[in-house]
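Here is the structure we will look at.
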Amino acid sequence: MYDNPNLERKVAQAESKISARNVQVFYGDTHAIKDVNVEIEARTVTAFIGPSGCGKSTFLRCLNRMNDTIDICRVEGDIELDGENIYDKRVDPVQLRAKVGMVFQKPNPFPKSIYDNIAYGPRIHGLAKNKADLDDIVEKALRRGAIWNEVKDRLHAPGTGLSGGQQQRLCIARAVATEPEVLLMDEPCSALDPIATSQVEELIDELRDQYSVVIVTHSMQQAARVSQKTAFFHLGNLVEYGDTDQIFTNPHDPRTEAYITGRIG
Amino acid sequence: MPLLWLVLIVLALAGAGYVLGRQRAMSSAGGDTRHLHSLPVYYGSNVAIFAAMPAFLVLAVWLIAQPLLVDSIVSADIPATAVPEGSTLSLLMSDVRRVADGLDLAISQGTIAADEAKTLRADATDVRALLASVGVALGSDVNETTLSAAQEFRALTGTGSMAMTVVVLALALGGFAYAYSRTNKDFRARNVVERSIRGLLIAAASIAILTTVGIVLSLVFNTVEFFRLYPALDFFFGTTWSPSFGGGSELGVLPLLWGTLYISVIALAVAVPIGLFAAVYLSEYAGAKVRAFAKPLIEVLAGIPTIVYGLFALLTVGPLLVKFFGSGGTFGVDWMSGASSVTTAGLVMGIMLIPFVSSLSDDIINAVPQSMRDGSLGLGATKSETIKQVVLPAALPGIVGAILLAASRAIGETMIVVLGAGAAARLSMNPLEAMTTVTAKIVSQLTGDADFASPEALVAFALGMTLFVMTLGLNVLALYIVRKYREQYE
């Protein structure tokens, strides 16, 4: 297990992108996340696994403050992005979300053309100097999203007319177009068929050389395939966090072992 | 037999059918519902439906058809020479009906015997005095033609009613017997009952459609009648509206259309921005508590009767506008002579329309999936960017629908116009001048002692037709827009 080449490369360049310390999340009176500490590394795919309702999506949404949109949600503790506390009063959540992009469980293209879907973020953040520049950004994002060849002839067709897998890759391309530093993915393949899933997984692997990717997934095979680090959540606790190979072959905690061997969850 | 008794008997038969059909089904299954094809209630309902439905259907058709038939038979028997000078057959027929009804009343009060009424002769009895004694007042003495026609009318009606009673009762009994005989444990009563229910639903839908068709046809025929009396070209392109029942009217629709459109545009200019912004606030920014009391409060506006809005226009808004724009007003201009003006009516109508726009738009904005907002927020868009670029475009077809609905209301509104805009039909650009609309003029043409054969009264139908075509056009446009955007967005 220690001769895994991925692992060695990563150890050499391990640097923390996001570090969470003593994070607590409450929904009203419900204590949804209990005392989570985790270091998410740059240029790494980190998988959050765990049974339904264990808090992995909630924690993911803390990382770009999407929980702010839920009135009854309260977050305590520190989450630092590049050493800066994102829950600091001076931090603008809107700016933060431009840096920490998000892809959702269900593909949610806007009711606009494919081009406008991708151009949405760059336009809002003023990333393009002119039309040619914007065209360039759109093409690059679509290429990164591994969907350019399929849509290059119909950029002005509605994004909602694509198939489910294409829509999800469009949404990934849309997130990439804003040039985030971290990409959060909340079960990005749960609505997709196996072929579309493998395309998205390949894409995630390619994204790793530029971004930190955090992916929530219910599929342990998927976590094993795409991630280098895995965190196992159970009942709001971060039970175990470590290298993916170690989690799946030699878990330290009995609960992790029970989950990955299918005895709980 | 009185109609009420007939209906009650059929209903009683149906009720008995329900109980008996249910019992028979139960006994055929040996008292165990599990051996029945359908639940016992379906067997009962099946017998009840067969007893009542055909009978009532025939009864309804008969009640509509019989008077028409009797009328045409009796009036065919009246010789053309019997119609007095200066009168018409239809006037004579209404006399005949009145005498016939009077005789019925006289018999029921015991003033004369039933046989006596049949052999009554106009030269032997003073029928007018006789009927006056039972409370039926006639305009003139009854002559022989009228009396004999009335007697024929009574005879035919009597025979018809008798036949109707027999046929209806026979149908009810026959349906009862047929359905009862079919009732056994293998009979698929549930399917039959559900088919009958479907028939009932189709009938309900047909009534709505037929009524619409009837209204449109009556509009069309009367409009055609109007155009026979008044040239269509003058109606559509005339720029003067000055009806006078003495003749020599000018009935140009353009000033009325102009007033309608002008007032509607002002109303929409008030209602659409305010309503839409209110809807955006309520659905996107307001907390649950604010929403819970603000939304019903805005909807209260929709419950205020339009006549109250009219009063508000006449007594508050109009004088207020005069204070600003009238002679010696705040702005030192003399643009407004009276409280009634296009702006007065338009402003108040706009306030009336706010809840239409805001409530519908609010529902539509709420229906935009949260995932759209999340997607936009997740890309680092602010709330207002999300609303402008994602939520509103997604909700646009519905919002356009809401606006066009409000426009239809504005075009059809009457009371506010009557009280707020004045009654002068005028083609003018000045929004502070009094004008009037199509609906207000329909009211003024038909109120009072109008002769329905004159173009001055019939023009109301042409105006109604014009309005109908306009709102129909708006609805078609709304559908077209909704469909077009739906293709693009889903």
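First the proteins, then the strands, lettered A, B, ... as listed; each starts at 1.
Defined by atom type and a distance below 3.5 Å, a donor-acceptor pair is missing between the side-chain atoms of Gln389(B) and Arg123(A). Looking only at atom types and distance, the side chain of Ser371(B) has no donor-acceptor partner in the side chain of Asp374(B) under 3.5 Å away. Side-chain contact of Gln199(A) with Arg169(A): a donor-acceptor pair under 3.5 Å is present, judged by distance alone. Side-chain atoms of Asn85(A) and Arg90(A) include no donor-acceptor pair closer than 3.5 Å.
Neither the backbone nor the side chain of Val103(A) comes within less than 4.5 Å of any heavy atom of chain B. Pro109(A) touches chain B through its backbone: at least one of N, CA, C or O sits under 4.5 Å from a heavy atom, while the side chain does not. Using a 4.5 Å cut-off between heavy atoms, Arg65(A) makes no contact with chain B at all.
Each of Lys106(A), Arg174(A), Met102(A), Lys99(A) has some count of heavy-atom pairs under 4.5 Å with chain B, and the biggest count is that of Arg174(A).
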